[in-house]
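Chain identifiers are assigned alphabetically (A, B, ...) following the order of the sequence lines, protein sequences preceding nucleic acid strands; residue numbering begins at 1 within each chain.
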Amino acid sequence: MAEDTSSHKMVATNHRRSRTKFTEDQLKILINTFNQKPYPGYATKQKLALEINTEESRIQIWFQNRRARQRFQKRPEADTLESSQSQRQDQPGVEFQSREARRCRTTYSTSQLHTLIKAFVKNPYPGIDSREELAKEIGVPESRVQIWFQNRRSRLLLQRKREPVASLEQEEQDKIPEGPQGIEDTQNDSNFSNDSHFSGARTW
DNA sequence: GTCCTAACCTATTCAGCGA
DNA sequence: TCGCTGAATAGGTTAGGAC
């Protein structure tokens, strides 16, 4: 969907995923589940994904957005200092219920990490095409690649805040000299050292 | 053009695993 | 036990598409 028609601000292949259009039936099932469990565990999300024939990662995003919307709608009357404080503590506005199990931790092999890091150095903000290509290359779901990039960016930022000089050196080291397998990513959008990437103003 | 909402971001926290 | 790092969250922004 997201075609490359926008003349100036799009860098080759740095696209978002195209918007998912849920059917009425799919939404009915999602909303029903959300009303019972706004924080579904991995098993529930998998089951839902199977049931409505979509990816588990889409379910996850849908729940994230739905919770955000609900918080927003509830906010006006619950906006006292008191209530906002009571909403913290990891159970944001939801009656506490024992959380379902998370997804199992993914363990990346050295060569998988090598591939990911190499791609990260080239472009820390890969679009859907690049992520899918990478995912295929290292044999993990695209959603895991996306999470890996998020975590990597966050930790690099954190590191930079704490030790600005050392992190620059680390970046240099990260520019891995040679790798067993390469990625021929066409993105040249980024050098992570360009801080504009962190200003919140992403240009796609 | 406006509105709704999926996709995506950072910041932070939780939690599994190996040293 | 502790540090590293994958997973999940809140809260925010961007942008596709229906109207």
N/O (side chain, K161(A)) to phosphate O (OP1/OP2, dA11(B)) under 4.0 Å: yes
Within 45° cone of Y125(A) ring axis and under 6.0 Å: R153(A) NZ or CZ: yes
Side-chain N or O of S18(A) closer than 4.0 Å to phosphate OP1/OP2 of dA7(B): no
Spacing between Q60(A) atom CD and dA7(C) atom C1', to the nearest angstrom: 8 Å
Rounded distance in Å - CG (L27(A)) to C1' (dC4(B)): 12 Å
Side-chain heavy-atom pair R16(A), I128(A) within 4.5 angstrom cut-off: no
Value in whole Å for how far the P atom of dA7(C) lies from CD of E56(A): 10 Å
Touch class at under 4.0 angstrom, heavy-atom based, for R155(A) against every strand present: base
Any donor-acceptor N/O pair under 3.5 Å between dT14(C) base and R16(A) side chain: yes
Base dC14(B) to side chain R102(A), donor-acceptor N/O within 3.5 Å cut-off: yes
Nearest-neighbour nucleotide for the W148(A) side chain, dA6(B), dC8(B), dG6(C) considered: dG6(C)
Backbone of T33(A) reached by a side-chain donor or acceptor of Q36(A) within 3.5 Å: no
Short side-chain N/O contact to dG16(B) OP1/OP2 from Y108(A), under 4.0 Å: no
Got a list of protein N/O to nucleotides 17-19 of chain B N/O distances below 3.5 Å?
none

Note, L27(A) side chain near E24(A) side chain (heavy atom, < 4.5 Å): no
Those residues of residues 139-147 of chain A lying under 4.0 Å from DNA chain C by at least one heavy atom: R144(A), I147(A)
Presence of R69(A) side-chain N/O under 4.0 Å of dA6(B) phosphate oxygens OP1/OP2: yes
Residue mapping more 5' on DNA chain C - nearest nucleotide basis, K21(A) or N65(A): N65(A)
Any E55(A) side-chain heavy atom under 4.5 Å of R17(A) side chain: yes
Pair of N/O donor and acceptor under 3.5 Å linking dG16(B) base with R103(A) side chain: no
Nucleotide of dC8(B), dT10(B), dT9(C) approaching R67(A) most closely (side-chain heavy atoms): dT9(C)
Residue pair R103(A) / E56(A), side-chain heavy-atom distance below 4.5 Å: yes
Any F34(A) side-chain heavy atom under 4.5 Å of R66(A) side chain: yes
Any side-chain donor near an acceptor of the partner, E100(A) and T44(A), under 3.5 Å: yes
Atom-to-atom span, CD of Q46(A) to C1' of dA8(C) - whole angstrom: 16 Å
Length of the line joining W62(A):CH2 and dA8(C):C1', which is rounded to integer Å: 17 Å
Euclidean distance, atom CZ of residue R71(A) to atom P of dT5(B) [Å, nearest integer]: 15 Å
L134(A) and F120(A), any side-chain heavy atoms less than 4.5 Å apart: no
Hphob cluster co-occupancy, I31(A) + I59(A), side-chain heavy atoms under 4.5 angstrom: yes
Rounded interatomic separation in angstrom, taking CD from Q150(A) and P from dA8(C): 11 Å
Rounded distance (Å) that lies between atom C1' of dT13(C) and atom CD1 of I61(A): 14 Å
Nearest listed nucleotide, side chain of K45(A), among dC8(B), dT5(B), dA8(C): dA8(C)
Sub-4.5 Å side-chain heavy-atom contact between F63(A) and L30(A): yes
Distance-only donor-acceptor test, R152(A) side-chain atoms vs dT5(C) base atoms, 3.5 Å: no
